Chemist: 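I'd like to ask some things about the structure below.
Order of appearance sets the numbers: ligands from 1, and atoms from 1 within every ligand. Just so it is clear, the structure is predicted and the values come from calculations on it, not from any experiment.
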Amino acid sequence: MLPAPFEYHRPGSLYEALQLLSSLGEAKVLAGGQSLIPLLKFRFAAPAHLVDVNWVPGLDGIAEDGGALRIGALVRHNQVAASDLVSTRFPVLAAAAPQIADPIVRNLGTVCGSLAHADPAGDWGAVMLATGATVVARSVRGERHIPIGDFFQDIFTTALEPDELVTEVRVPAPAGRTGGTYLKLERKVGDFATAAVAAQVTLAPGGTCERAGIGLTNVGPTPIQAKRAEAYLVGKRLEDGVIKEAARLAAEESQPVSDLRGPAEYKRDLVRVLAARALRKALARAGGGR
Ligand SMILES: Cc1cc2nc3c(=O)[nH]c(=O)nc-3n(C[C@H](O)[C@H](O)[C@H](O)COP(=O)(O)OP(=O)(O)OC[C@H]3O[C@@H](n4cnc5c(N)ncnc54)[C@H](O)[C@@H]3O)c2cc1C
């Protein structure tokens, strides 16, 4: 199908982009277009204006700065997958990036676009929940820092105002003995997850768990932070019985529905299995293993 008519805008600066978003009313940001263009073609979305931010300078950086990895609005999934900085310092992101879609989508789709789109099947949501990221949003009114735990509000719905542009997402640099990973089951390569789990743990000097982050993909209306499982782990030695109980809690916190990818009960049990494996891997990496 063809999209409904829209007016196309190509701002050459952040200032211009924010002015356009503020003044146009019914406008949508166009980043990688990998989610928005299909929506336009199916006429699930019919905005009067598209603001293409691909020519805005300064939004394509990926760098560690001020204790965080800063991923700019135009950083593509593949840039994360290819980043040496990410592969050496940010294991959850390094594990997730190559599992997103296929090479063509990864070449165009952006991390920030994926978060703004808020598809519960999107992989970055769970990763950002596990790592405790912050979304940075700009509008003509100024800049807001939105903790990722407050960002996803409902299916395809975020805390962003219609005129706000996500300029970057900040992922805290892992402290001391930290490890993590992202495990995803998909029906075939390139598919969205049947279910997936992001896990990151930080160990205290004595070996107990100081911080745990667990994010779940495609088992609820939003990416889910398994808060009870996280709280259960803190202060404990991550022995296998503890990991199994945390994985059971994470499965309880998931809210899957039955669909083409399988029955809800299957997906809930998949969360349990993936969470236990992800936590074991995170623990091994926190202890210095691969
Ligand atoms: C065949 C296929 C398979 C896919 N498989 C996966 C998968 O396995 N895992 C996965 O996670 N994703 C998958 N995707 C989605 C893909 O990752 C998209 O790249 C991503 O969801 C959206 O990023 P984008 O840059 O393309 O955003 P766009 O499509 O340009 O925009 C998406 C939405 O976000 C808004 N938006 C974009 N950027 C910003 C911003 N900076 N500030 C404010 N709003 C913004 C837009 O207005 C729009 O509403 C798949 C897509 C396709 C086509």
Side-chain angles (χ1 to χ4, degrees), residues 3 6 8-9 11 14 17-18 20-22 24 26-42 44-56 58-61 71-81 93 95-129 135-139 143-144 146 151-152 155-169 182 184-196 198 215-218 222-223 261:
F6 57 83
Y8 174 83
H9 306 264
L14 182 57
L18 298 181
L20 283 167
L21 287 172
S22 157
L24 288 173
E26 244 194 278
K28 277 268 173 207
V29 173
L30 174 67
Q34 296 305 291
S35 296
L36 184 55
I37 299 292
L39 286 177
L40 296 179
K41 286 189 166 178
F42 285 116
F44 291 140
H49 302 272
L50 280 193
V51 178
D52 182 348
V53 293
N54 284 279
W55 275 262
V56 174
L59 296 180
D60 58 352
I71 303 175
L74 292 176
V75 171
R76 319 286 164 175
H77 308 311
N78 251 349
Q79 268 175 275
V80 181
L93 279 69
Q99 298 191 64
I100 291 171
D102 52 55
I104 298 167
V105 173
R106 288 199 292 273
N107 275 335
L108 287 166
T110 64
V111 177
C112 292
S114 173
L115 295 174
H117 186 51
D119 185 340
D123 293 291
W124 287 120
V127 168
M128 298 306 164
L129 286 167
V135 175
V136 180
R138 288 278 294 271
S139 70
E143 185 171 280
R144 282 206 300 152
I146 309 167
F151 187 71
F152 300 112
I155 186 160
F156 298 111
T157 308
T158 69
L160 289 174
E161 297 294 335
D163 65 343
E164 279 183 315
L165 178 74
V166 176
T167 51
E168 65 181 26
V169 58
Y182 185 67
K184 170 175 177 177
L185 184 83
E186 51 196 1
R187 293 174 302 177
K188 58 183 173 52
V189 171
D191 192 18
F192 285 97
T194 301
L216 313 178
T217 302
N218 215 8
T222 64
R261 292 187 172 85

Chemist: Specify the protein heavy atom at minimum distance from atom 44 (N) of ligand 1: its residue, its atom name, and the distance to 0.1 Å.
Modeler: A116 CB, 3.4 Å
Chemist: Could you list the atoms of ligand 1 found under 4.0 angstrom from a heavy atom of D191?
Modeler: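 Every atom of ligand 1 under 4.0 Å from some heavy atom of D191: 8 (O).
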Chemist: Between V29 and ligand 1, which residue portion shows a heavy-atom distance shorter than 4.0 Å: side chain, backbone, both, or neither?
Modeler: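 Looking at V29 and ligand 1, atoms from backbone and side chain both fall under 4.0 Å.
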Chemist: Among protein heavy atoms, which sits nearest to atom 15 (C) of ligand 1, and what does the distance come to when rounded to 0.1 Å?
Modeler: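 Minimum-distance protein heavy atom for atom 15 (C) of ligand 1 reads S35 OG, 3.7 Å.
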Chemist: Can you confirm whether R76 sits close enough to T110 that some side-chain heavy atom of one is under 4.5 Å from a side-chain heavy atom of the other?
Modeler: yes
Chemist: Going by distance only, is there an N or O of V166 that falls short of 3.5 Å from an N or O of ligand 1?
Modeler: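 The answer is yes, given that V166 and ligand 1 share an N or O pair closer than 3.5 Å.
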Chemist: Could you tell me the residue and atom name of the protein heavy atom closest to atom 24 (P) of ligand 1, and the distance to it rounded to 0.1 Å?
Modeler: G32 N, 3.5 Å
Chemist: May I have all residue pairs that pass side-chain hydrogen bond (donor to acceptor under 3.5 Å, both in side chains) and include part of residues 32-41, sequence neighbours excluded?
Modeler: none
Chemist: Is there a donor-acceptor contact under 3.5 Å from the side chain of T157 to the main chain of I155?
Modeler: yes
Chemist: Find all atoms of ligand 1 within a distance of less than 4.0 Å from any non-hydrogen atom belonging to G109, and give their numbers and elements.
Modeler: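 So the atoms of ligand 1 that pass are 19 (O), 25 (O), 26 (O).
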Chemist: Mind listing the closest non-hydrogen atom pair of A27 and L21 along with its distance?
Modeler: CB-CD2, 4.3 Å
Chemist: For atom 31 (O) of ligand 1, which protein heavy atom lies nearest, and how many Å away is it?
Modeler: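 Closest protein heavy atom to atom 31 (O) of ligand 1: L36 CB, 3.8 Å.
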Chemist: Below 3.5 Å, N or O to N or O, backbone or side chain included: is there any such pair between A31 and ligand 1?
Modeler: yes
Chemist: What's the shortest distance from atom 2 (C) of ligand 1 to any protein heavy atom, and which residue and atom give it?
Modeler: V105 CG2, 3.7 Å
Chemist: Taking the side chain as every heavy atom from C-beta outward, state whether V80 and I100 have any pair of such atoms under 4.5 Å apart.
Modeler: no
Chemist: Is the count of non-hydrogen atoms from other residues, nucleotides or ligands lying under 6.0 Å from F44 atom CZ greater than 12?
Modeler: no
Chemist: Within ligand 1, which atoms have a heavy atom of L165 less than 4.0 Å away?
Modeler: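 By the 4.0 Å cutoff, the relevant atoms are 40 (C), 41 (N), 42 (N).
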Chemist: Between A81 and P98, which heavy-atom pair has the shortest distance, and what is it?
Modeler: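 Result for this residue pair: CB-N, 4.2 Å.
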Chemist: Has R106 got any heavy atom lying under 4.0 angstrom from an atom of ligand 1?
Modeler: no
Chemist: Search all heavy atoms of A126 against all heavy atoms of A198 and return the closest pair with its distance.
Modeler: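 The pair with the smallest heavy-atom distance is O-CB, 3.6 Å.
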Chemist: Please determine if D123 has a nitrogen or oxygen closer than 3.5 Å to a nitrogen or oxygen of ligand 1.
Modeler: yes
Chemist: Determine whether any heavy atom of H77 lies closer than 4.0 Å to an atom of ligand 1.
Modeler: yes
Chemist: Please list all pairs meeting side-chain hydrogen bond (donor to acceptor under 3.5 Å, both in side chains) that have one or both residues in residues 115-124, counting only residues at least two apart or in different chains.
Modeler: H77-W124, D123-Y182, D123-K184
Chemist: For the 3.5 Å polar cut-off, considering only N or O atoms, please tell me whether G33 and ligand 1 meet it.
Modeler: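 Checking ligand 1 against G33, an N or O pair does fall under 3.5 Å apart.
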Chemist: Can you tell me the protein heavy atom closest to atom 14 (N) of ligand 1 and the distance?
Modeler: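 Nearest neighbour among protein heavy atoms for atom 14 (N) of ligand 1, to 0.1 Å: F192 CZ, 3.4 Å.
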Chemist: Within the structure, does T110 bring an N/O atom to less than 3.5 angstrom of an N/O atom in ligand 1?
Modeler: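 So ligand 1 has an N or O lying under 3.5 Å from an N or O of T110.
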Chemist: Look at atom 49 (O) of ligand 1 and say which protein heavy atom is nearest, naming residue and atom and giving the distance to 0.1 Å.
Modeler: K28 NZ, 3.4 Å
Chemist: Out of A17, S114, A73, who gets a non-hydrogen atom closest to atom 23 (O) of ligand 1?
Modeler: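 Result: the heavy atom closest to atom 23 (O) of ligand 1 is in S114.
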Chemist: How close do V53 and A31 get, counting heavy atoms only, and between which atoms?
Modeler: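 Looking at all heavy atoms of both residues, the closest pair is CG2-CA, 4.4 Å.
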Chemist: Check whether any N or O atom of L30, backbone or side chain, sits under 3.5 Å from an N or O atom of ligand 1, and answer yes or no.
Modeler: no
Chemist: Does A101, backbone or side chain, put an N or O under 3.5 Å from an N or O of ligand 1?
Modeler: yes
Chemist: Does the side chain of V56 come within less than 4.5 Å of P11's, by heavy atoms?
Modeler: yes
Chemist: Answer whether the closest heavy-atom distance between the side chains of P47 and L40 falls below 4.5 Å.
Modeler: yes
Chemist: Heavy atoms only, cut-off 4.0 Å: how does R138 contact ligand 1, side chain, backbone, both, or neither?
Modeler: neither
Chemist: Heavy-atom contacts with Q34 under 4.0 Å: which atoms of ligand 1 show up? List them by number with element.
Modeler: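 Numbered from 1, ligand 1 contributes 18 (C), 19 (O), 26 (O), 29 (O), 51 (C), 53 (C).
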Chemist: Show the nearest heavy-atom pair for residues I146 and R144, with the distance to one decimal.
Modeler: CD1-NH2, 3.6 Å
Chemist: Under the side chain to side chain contact (heavy atoms under 4.5 Å, CB included) test against F192, which residue among R187, E186, R261 passes?
Modeler: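 Considering R187, E186, R261, a side chain to side chain contact (heavy atoms under 4.5 Å, CB included) with F192 is found only for R261.
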Chemist: What protein heavy atom is closest to atom 34 (O) of ligand 1, reported as residue, atom name and distance in Å?
Modeler: G113 O, 3.5 Å
